[in-house]
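Worksheet: the structure to be examined is printed underneath.
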Amino acid sequence: MKILVTNDDGIYADGLWALVKELRDVGTVTVVAPDREQSGVGTSVTLHQPLRLGKTKPLLKRVDTYSVEGTPADSVILALKFAMRDRADLVVSGINEGANLGNDVFISGTVGAALQGYFYGIPAIAISVAAFEGFHFDVAARLARLLASGIGDGALTQKLLLNVNLPNLPREKIEGIEITKLGERKYADRIEQRHDGRRQYYWIVHGESQWNISPGSDIWALKQNRISITPLPNNPDSSNRHFLNGLALKLSQELLDNNLLK
Ligand code: MN
């Protein structure tokens, strides 16, 4: 089994190498990751400047390792095409330093990388630990290994995108695992206005977030010291078919009335 490991925290982040250490027991691991931190770049793909892919020194022996001057999604694209030559069976992105819950999945570079793998028809897992310091990566890495084995054995479907979050706890304090849906968060980011002596500039500072902690959501699981596994993108609550069908009908009628649609 050939496994691509990537992240958005940069190629020498501890979380990535904690993953590699476990995953190399279930397959051949190739690391292709951004050369610097890219948290928050989401699914961004670089289209307006050249991309570079360079072989670099691994932190664990005998692991093919490449750094990319680009985004996490760029890293996956270059990895699949060049570093792994279309022979990847699984993409694992992480272990991210910080949770990626609810709305975060739309801006997360960790999830963005996994999503790119999914676009290419490869099973993909994004995995994050809910903390900003003093990380417990061991359970996350172990879980990634179990999921990778499930994919290797054919126990999990090939069309798979999982967003996994763990409470930052030692294994004896973790209360269990929940299969969840995306939670909801109200952003309370603070936008600071500053002056550099010549011009005004702005700085987006993550503030305290307000969560709607509905049972069955990812944030709900973490609040109970449980691991959350959210299958994406088929979150049943993310589409409102009834409304959208009505809207499609209405718009079609308007277009017909105006002879814009034949
Ligand atoms: Mn990150």
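Quick note: residue numbers are just sequence positions, from 1. Both counts, for ligands and for their atoms, begin at 1 and track the order of listing. For clarity, every value in this text was computed on a predicted model and none was experimentally measured.
Take the Mn ion (ligand 1) and draw a sphere of radius 2.8 Å; the protein N/O/S atoms inside it number 4.
Of the residues listed (Arg142, Glu97, Lys21, Glu22), the one engaging Phe137 in a side-chain contact (heavy atoms from CB on, under 4.5 Å) is Glu97, and it is the only one.
Among residues two or more places apart in sequence or in another chain, the side-chain contact (heavy atoms from CB on, under 4.5 Å) test is passed with Tyr12 by Trp17, Thr56, Lys57, Leu59.
Hydrophobic cluster of Tyr202: the remaining members, joined at side-chain heavy-atom separations below 4.5 Å, are Ile191, Ile204, listed by chain and number. Cluster partners of Leu101 are Trp211, Ile213, Ile219, Trp220, Leu222, counting Ile, Leu, Val, Met, Phe, Trp and Tyr whose side-chain heavy atoms approach within less than 4.5 Å, directly or via other members.
Within 6.0 Å of CZ in Arg194 there are more than 12 heavy atoms belonging to other residues, nucleotides or ligands. No more than 12 heavy atoms of other residues, nucleotides or ligands lie within 6.0 Å of CD in Glu133, so this atom counts as exposed by the packing criterion.
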